[in-house]
Undergrad: 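The structure's right below; bear with me while I get my questions together.
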Amino acid sequence: MSMCGAWSPVKPVTLEVIKICLEMRKSIEDRAVNGNDSKVYIPSVYSSQIVNGTNYVVKVFLGGRDDGVCVHAKIHQALPCNDGKLTLSGFKFPKTFDEPLEPF
């Protein structure tokens, strides 16, 4: 676990992060592909930051297209005392598969 306020190193997604990304799929696709569902939606790596809740920056591969484009999504998860609500708080699109994930 990283220090409060510092971003963790980028690492492969965990089951917890996959679940968060699946819950946020519609919000991410609405911004990335104009509301169309992606044929493939694969979270791959992430970094996290403990603040008043947790920030996650996640690289999600949107396959089923010729360009193999990715999105870098910033998701905030509120503290449990605030219902743990998830919010899409930042977004970078399009990104290539080879572009490194960097917290923003």
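For reference, positions follow the sequence shown, starting with 1.
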Undergrad: Please report the shortest heavy-atom distance between E16 and Y56, naming the atom on each side.
TA: OE2-OH, 3.4 Å
Undergrad: State, yes or no, whether a side-chain contact exists between V57 and Y46 at a heavy-atom distance under 4.5 Å.
TA: no
Undergrad: Closest heavy-atom contact between K95 and V69?
TA: O-CG2, 3.4 Å
Undergrad: Compare all side-chain heavy atoms of H72 with those of F91 and state whether any distance is below 4.5 angstrom.
TA: no
Undergrad: Are K92 and F104 in a cation-pi setup, meaning NZ or CZ lies under 6.0 angstrom from the ring centre and within 45 degrees of the ring axis?
TA: yes
Undergrad: Looking at Q49 and N55, would you say the former's side chain and the latter's main chain have a donor-acceptor pair under 3.5 Å?
TA: no
Undergrad: Using side-chain heavy atoms (C-beta onward) and a distance below 4.5 Å, is R31 in contact with F93?
TA: no
Undergrad: For a 4.5 angstrom cut-off between non-hydrogen side-chain atoms, does Q77 reach I20?
TA: yes
Undergrad: For the residue pair F61 and F97, categorise the inter-ring angle as parallel (less than 30°), tilted (30 to 60°) or perpendicular (more than 60°).
TA: perpendicular
Undergrad: Name the one of I75, V58, T54 that satisfies side-chain contact (heavy atoms from CB on, under 4.5 Å) with S48?
TA: T54
Undergrad: Would a distance-only check, ignoring hydrogens and angles, find a side-chain to backbone donor-acceptor pair under 3.5 Å from E99 to T96?
TA: yes
Undergrad: How long is the span from the NE2 atom in H76 to the CG atom in N52, to the nearest 0.5 Å?
TA: 6.0 Å
Undergrad: Using every non-hydrogen atom in the two residues, find where V60 and C21 come nearest and quote the distance to one decimal.
TA: CG2-SG, 4.5 Å
Undergrad: Could you tell me whether the side chain of I28 reaches within less than 4.5 Å of the side chain of V71, counting heavy atoms only?
TA: yes
